[in-house]
Amino acid sequence: MNSAPSITSAPPPPPAQPAASPVSGKAVRPGDRIFLGLSRGSGIALLVIMAAIAAFLTVRSVIAISGDHANFLTYFEWNTSGPEPKFGIAVLAFGTVVSSVIAMVIAVPVAVGIALFISHYAPRRLASPLGYVIDLLAAVPSIIYGLWGALFLVPHLTGLFSWLDDYFGWTGIFSYADEAPRALFTVGILLAIMILPIVTSVSREVFLQAPKMHEEAALALGATRWEVIRMSVLPFGRSGIISASMLGLGRALGETMAVATVLSPSFLINLSLLNPGGGTFAQNIASKFSEADEFGQDALIASGLVLFVITLLVNGAARMIIARRKEYSGANA
């Protein structure tokens with residue numbers, strides 16, 4: 001007798017999984033909400049402070065410029081106490097830009113070299129103390145640098161200035177009239193020494209974050225130490241070097257007491273960088289603010305607004321450069 005075919009039942013369907021809640025990105029825990037609120041509030045407070053500073057400078061600057069009987073951008077003198085006030089920022093803008101450029105040209109290559117030595121060449125026993133000393137130099141007050149510059153640096157620059165005059169005096173830029181070396185070139189050297197620790201510290205930390213696998217791969221292929229740095233470390237840290245340089249430039253543009261200590265200011269643009277003369281925005285504000293009347297203070301605030309705008313433009317240009325070189329940043333490594 002034939003048996004009836006067996007009927008196999010289908011396996012039961014798996015239990016339905018609960019639908020996953022979409023990730024909204026919003027803070028869920030109380031701690032997350034508090035941190036989000038504090039972070040957002042800090043960002044908004046920063047924007048409000050910047051806007052308040054810009055508004056204050058603009059209002060006071062409009063009062064001063066409206067009472068100026070000369071061209072504020074091109075006039076070469078600063079007289080705010082006469083019956084017809086005449087003042088301009090041509091000399092101040094020239095001195096600020098030139099001294100800062102000199103400082104950057106001197107400081108950035110030296111700072112990058114020191115950072116590379118600490119991060120990739122120096123033994124560990126030497127790298128740590130040297131890095132600590134560099135960080136300590138960044139905390140020295142500017143007045144200490146100014147006193148050192150006035151009492152030690154200025155008397156010892158006569159030989160350097162004479163040497164530059166002997167070999168490069170024909171350019172006019174390095175002609176020297178055997179006067180006291182209280183010139184824009186002296187200011188640039190002092191500013192370079194002051195910003196050197198900042199640029200070095202930031203660049204060193206960036207170089208230490210370079211991917212070790214890239215360096216080891218280059219070494220495995222037979223590259224020398226310098227070739228590893230040139231092909232792996234420097235491209236990775238390029239954005240960091242630019243950021244460090246902008247931090248140093250910000251201090252150089254706004255430095256006050258050190259510049260006022262070593263510079264013999266005058267409202268005259270001298271072609272030679274080795275002869276006394278010139279001035280900077282910060283130095284002029286610091287030296288004249290206590291003696292100025294209300295209108296004179298408004299005029300100094302107007303010059304401060306120009307320095308504020310220059311700083312914003314420099315930082316904006318740095319951000320554009322970094323954005324164009326985003327492929328070299330650490331985020332994409």
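Reckoned from all heavy atoms, side chains included, excluding hydrogens, waters and symmetry mates. Predicted model only: the values in this text are computed from it and were never measured.
- Remark: L184 CG to T280 OG1 distance equals 8.5 Å, nearest 0.5 Å.
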List the steps and the verdict of side-chain contact (heavy atoms from CB on, under 4.5 Å) for L234 and F207.
CA-CA 8 Å; L234 290 180; F207 294 153; 4.1 Å; yes
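- Aromatic rings of F76 and F267 (six-membered ring for Trp) have centroids beyond the 6.0 Å cut-off, not under it.
- Heavy-atom minimum distance, F295 versus T80: CD2-O, 3.8 Å.
- In this structure a side-chain-to-backbone donor-acceptor pair under 3.5 Å is present from D68 to F87.
- No side-chain donor-acceptor contact under 3.5 Å links S100 to the backbone of V97.
- If you take CG on L307 and CD1 on I285, they are separated by 6.5 Å, rounding to the nearest 0.5 Å.
- G149 and L190 get closest at one heavy-atom pair: CA-CD1, 4.4 Å.
- In terms of modelled atom types and a separation under 3.5 Å, the side chain of H69 and the main chain of G67 share a donor-acceptor contact.
- Atom CD in E227 sits 10.0 Å away from atom CG in L219 (nearest 0.5 Å).
- Of all heavy-atom pairs spanning Q209 and F236, the tightest one is O-CZ, 3.4 Å.
- P109 has its side chain out of reach of V112: every pair of non-hydrogen atoms, C-beta onward, lies at least 4.5 Å apart.
- S175 OG to L164 CG: the interatomic distance, rounded to the nearest 0.5 Å, is 10.5 Å.
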Start with the C-alpha distance between H120 and E215, add both sets of side-chain angles, then the distance that settles side-chain contact (heavy atoms from CB on, under 4.5 Å), and finish with yes or no.
CA-CA 11 Å; H120 288 80; E215 300 181 27; 3.3 Å; yes
Between I241 and S245, is a side-chain contact (heavy atoms from CB on, under 4.5 Å) present by the stated rule, with each step listed?
CA-CA 6 Å; I241 295 174; S245 302; 4.1 Å; yes
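- The shortest side-chain heavy-atom distance between F161 and D178 does not fall under the 4.5 Å cut-off.
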With a cut-off of 3.5 Å and sequence neighbours excluded, list every side-chain donor-acceptor pair involving residues 248-266.
| unit_1 | atom_1 | unit_2 | atom_2 | d |
| --- | --- | --- | --- | --- |
| E255 | OE2 | S142 | OG | 3.3 |
| T256 | OG1 | G254 | O | 3.3 |
| T261 | OG1 | M257 | O | 2.6 |

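- A pairwise comparison of heavy atoms in P276 and A183 identifies N-CB, 4.1 Å as the closest pair.
- Of the possible polar contacts, none joining the D293 side chain to the S81 backbone as a donor-acceptor pair under 3.5 Å is found.
- Within the 4.5 Å cutoff, side-chain heavy atoms of I44 are placed close to those of V48.
- Between the OG atom of S272 and the CG atom of D165 there is a distance of 8.0 Å, given to the nearest 0.5 Å.
- A side-chain donor from one of S201 and D135 sits under 3.5 Å from a side-chain acceptor of the other.
- Using a distance-only test at 3.5 Å, with no hydrogens or angles considered, a donor-acceptor pair links the side chain of Y176 to the main chain of E179.
- Under the side chain to side chain donor-acceptor pair (under 3.5 Å) criterion, D298 pairs with R60, sequence neighbours left out.
- Clustering ILVMFWY residues whenever any of their side-chain heavy atoms sit less than 4.5 angstrom apart, transitively, puts V105 in a cluster other than the one holding I189.
- Distance check: Y121 OH to L126 CG gives 15.0 Å after rounding to the nearest 0.5 Å.
- Below 30°, between 30° and 60°, or above 60°: for Y167 and W163 the angle between ring planes is between 30° and 60°, a tilted geometry.
- Nearest heavy-atom pair across W78 and S303 is CH2-CB, 4.1 Å.
- Hydrophobic clustering (ILVMFWY, side-chain heavy atoms < 4.5 Å, transitive): F168 and L273 are in one cluster.
- In terms of heavy-atom proximity, G296 sits nearest to A292 at C-CB, 3.8 Å.
- For the pair L130 and R125, the minimum side-chain heavy-atom distance is 4.5 Å or more.
- Clustering ILVMFWY residues whenever any of their side-chain heavy atoms sit less than 4.5 angstrom apart, transitively, puts V133 in a cluster other than the one holding L116.
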Steps toward side-chain contact (heavy atoms from CB on, under 4.5 Å) verdict (L92, V306)
CA-CA 10 Å; L92 303 178; V306 177; over 6 Å; no
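- Put simply, the side chain of V91 does not reach to within 4.5 Å of the side chain of L268, judged on heavy atoms.
- A donor-acceptor pair is defined here as one N or O able to donate and one able to accept, closer than 3.5 Å; such a pair exists between the side chain of S99 and the backbone of T96.
- Under the 4.5 Å side-chain criterion, counting only non-hydrogen atoms from C-beta, S42 is not in contact with L46.
- Between the side chain of S39 and the backbone N or O of L36 there is no donor-acceptor pair closer than 3.5 Å.
- With S203 contributing its side chain and T200 its backbone, the two residues share no donor-acceptor pair below 3.5 Å.
- One hydrophobic cluster, built from ILVMFWY side chains closer than 4.5 Å, cannot hold both V199 and V206; they sit in different ones.
- Under the 4.5 Å side-chain heavy-atom criterion for ILVMFWY residues, a single connected hydrophobic cluster contains both V110 and M104.
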